[in-house]
Structure formats: structure tokens, C-alpha cells
Amino acid sequence: MIARQDEPGGREPDGRPDASMSLLADLFAGKHLDPGYAAAAARRAASGGVAPRPRRLRGAGVLLVLALAGALAAVAGVEAHRGEPVAAERRSELVDQIHARTAETDALQHRLDRLRADTERHRAAALARSAEGRRVRRAVAAAGAAAAATPVAGEGLVVALDDAPAAPGRAADAGRVYDQDLQVLVNGLWAAGARAIGVNGQRLTPTTAIRAAGEAIMVDYRPLDGPYEVTALGDAGRLRAAFAGSPADRRLAALRDRFGIRYGTRRSGALRLPAASAFRPRYAVPREGGGR
């Protein structure tokens, strides 16, 4: 405390040690009010001590807003709860429609295969009547095999691929088979010398696409479910020797060892693949004159 020069010992005239804090003391005591506060206090005293309480009104407004928000949330919850059975019913209807359309498509595909087989028998019988016809038949057979337009049978290699079994501490996506894995596998089998390849019985053509749609894998725009069985026709011994240790084999073996994906190969002497679905080129057209 700074002592005043006109008082001995630095004490204030009234002898209080807190005299220098008299301003703060007066403020706390209400002696020095702002004129506006003083006027408000005077009006309050004149009205009998009753004054508006804006805080209570403000608190009531907050409570009203909270009550309205709660009511809206409750109504929204009730509407969502009411809509759940409708959404589930519509989803079930869509699933049923998908299964029905898939069954119709499969039935039409089987009918197409039978008609193709009948047509091929009649064509072969007609072409076998002459030497020129037999030559044309061989050329058509070679072109049909290249385009996967005719069924094939024989020995080959079967590669099984499936998602990893559930395991604690491992994410479900980590052990899933993706479309890229099937693409790598198919390309590796082509490179090993396969003359025909199918995935779950779906014959692959030179224009077949293997893509993902959500959690499903599409092969030639048809959804397939695991486990995936890739069939490669050709000399079984040569196929296995050429495929073993290839980049595709190393990649799938690494996925098996690291993420638990199920992967294995086996030889078979009796494999069969149907003809692929017919397709029409959108842009390619025959050259004029038929020359090469």
C-alpha cells in the first residue's frame, strides 16, 4: 500500500487499513450506482418492489422450444417406426421379383441352349454331305471355339476361390474375394494356355467383363455368389505347370496366407462348359470383300 505523505506512518485519516479500497467497498455496498441503475431502482421501489423477470420468461421460451423439438422428434420416430414394415415389405417384394426374373432368364437360357444344339446338329448333317461342306464345318467350328459359341468338354484345371471364414479381430472386407482377384486369376489361366474358361459355369468370351456391383461380382453382367469355381480346359498337366508360380498364383497364395482367403487347385479329366450367351457387336462390322 502506498502511504500518503501528509499522514504519519502512512495511515489514512479514518484509520482504516482498507481506506484505499473504499471505491470497491462502496460499489459492493451499492453506494455508487450508475444513474440508469439508480433510476431503475427508484421505479421498482415506487411500484411496490415488483419488477418484470425477463430471465424467467427467457427460460420459459427455452423450455417451450425444447418441448416442441421433443414433440417433433417423437412424431418423426413414430412415423419412421410405422414406415419400417412398409419398407421391409417393399424390399421383400423387390427381392421376390429379382428371383422371379432370374429364374425366367435361366429358363430362357436353357431353351436357347437346346435350340442351339438342335441347329448345330442340322448344320453338321448338311455340311457333312460334301468335301466343301466339311471344310466349312471345320472353319465354323474353329471360329465358334474362339468366340465361345459352342460347348466344350475335356480335361483341365479347376481353381476354387472363396471368402475367408469369419475370425475375431479381422475385418470382414479383409478376407473378401474381389472382382480384381477373379480378373487376375482368369488372366493367369489364359496365359497358362487354357483354351476355354468358365466361372461358376458361366462361359467367358473375348468380350466378357468381370466387375463388381456393390458386394456382388458380375460376370458378363450376371451376379455370381461365392464360392467361385473357375474352370480352365486344356492339358491339365501343362496348365498346372504353367500356372504354378505365376504372378496370379503368387498373388492368390499371398491373399490366402495373409487374409485367410480359401484358394486351391485340382486337376480334372471330365470338364464341360456350355456355349456362351450370344452377343452382337455394336461397332465392329465385316470388312467389304471378306478379305483379311
Side-chain angles (χ1 to χ4, degrees), residues 97-159 179 182-183 185-187 189-211 213 216-225 228-236 238-239 267-292:
Q97 291 180 12
I98 291 172
H99 290 323
R101 298 296 183 270
T102 303
E104 293 176 3
T105 303
D106 292 341
L108 292 174
Q109 183 64 45
H110 292 325
R111 182 183 178 187
L112 177 61
D113 293 340
R114 291 194 301 269
L115 293 174
R116 280 181 174 175
D118 293 340
T119 302
E120 178 61 29
R121 283 194 298 268
H122 292 301
R123 182 173 60 186
L127 293 176
R129 297 171 184 172
S130 64
E132 182 63 19
R134 288 190 291 271
R135 186 189 67 81
V136 172
R137 180 184 177 185
R138 289 192 295 269
V140 170
T150 57
V152 291
E155 65 173 327
L157 195 67
V158 179
V159 182
D179 55 331
L182 281 179
Q183 292 172 6
L185 173 57
V186 168
N187 290 334
L189 291 172
W190 284 126
R195 61 186 180 92
I197 297 179
V199 180
N200 287 12
Q202 184 77 18
R203 182 78 175 274
L204 303 186
T205 71
T207 60
T208 297
I210 301 177
R211 295 192 179 96
I217 295 180
M218 309 283 289
V219 176
D220 202 13
Y221 302 103
R222 291 178 62 88
L224 299 181
D225 297 326
Y228 305 98
E229 190 172 86
V230 182
T231 303
L233 270 72
D235 187 288
R238 292 181 180 178
L239 276 176
R267 296 173 55 174
S268 178
L271 297 175
R272 185 183 183 280
L273 287 174
S277 302
F279 66 96
R280 178 177 299 176
R282 297 182 179 180
Y283 306 105
V285 295
R287 294 184 58 182
E288 296 182 1
R292 300 189 64 180

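Heads up: numbering here begins at 1 and tracks the sequence.
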**Message:** How about CZ on Arg134, more than 12 heavy atoms from neighbouring residues, nucleotides or ligands closer than 6.0 Å, or not?
**Reply:**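 Enclosed.
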**Request:** Can you establish whether the number of heavy atoms outside Arg137 located under 6.0 Å from its atom CZ is more than 12?
**Result:**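 Atom CZ in Arg137 is not crowded, with 12 or fewer foreign heavy atoms closer than 6.0 Å.
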Starting at [atom1] of [X], measure out to [atom2] of [Y] and round the result to the nearest 0.5 Å.
X: Arg138; Y: Leu127; atom1: CZ; atom2: CG; result: 11.0 Å
X: Thr105; Y: Arg101; atom1: OG1; atom2: CZ; result: 9.0 Å
X: Leu185; Y: Leu189; atom1: CG; atom2: CG; result: 4.5 Å
X: Asp220; Y: Arg211; atom1: CG; atom2: CZ; result: 10.0 Å
X: Leu157; Y: Ile197; atom1: CG; atom2: CD1; result: 10.0 Å

Which atom names give the shortest non-hydrogen contact between [X] and [Y], and what distance separates them?
X: Leu204; Y: Val186; value: CD1-CG1, 3.6 Å
X: Gly154; Y: Arg195; value: CA-NH2, 4.4 Å
X: Ala232; Y: Ala194; value: CB-CB, 3.8 Å
X: Val158; Y: Ser268; value: CG2-CB, 4.4 Å
X: Ala216; Y: Pro223; value: CB-CB, 4.5 Å

**Prompt:** Between Asp106 and Arg222, is any pair of side-chain heavy atoms under 4.5 Å apart?
**Reply:**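 Counting from C-beta outward, Asp106 and Arg222 do come under 4.5 Å.
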**Message:** Quick one, Asn200 and Val219 - any side-chain contact, counting heavy atoms below 4.5 Å?
**Reply:**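 Not touching, per the 4.5 Å side-chain cut-off.
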**Item:** Stepwise side chain to side chain contact (heavy atoms under 4.5 Å, CB included) check, Tyr228 with Ile217
**Value:** CA-CA 10 Å; Tyr228 305 98; Ile217 295 180; 3.5 Å; yes
**Request:** Would you check, one step at a time, whether the test side chain to side chain contact (heavy atoms under 4.5 Å, CB included) holds for Arg203 with Val152?
**Result:** CA-CA 10 Å; Arg203 182 78 175 274; Val152 291; 3.7 Å; yes
**Item:** Check against side chain to side chain contact (heavy atoms under 4.5 Å, CB included), Arg123 and Val136
**Value:** CA-CA 11 Å; Arg123 182 173 60 186; Val136 172; over 6 Å; no
**Request:** Check whether the side chains of Thr208 and Thr205 place a donor and an acceptor atom closer than 3.5 Å, and report yes or no.
**Result:**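 On atom types as modelled, these side chains qualify, holding a pair under 3.5 Å.
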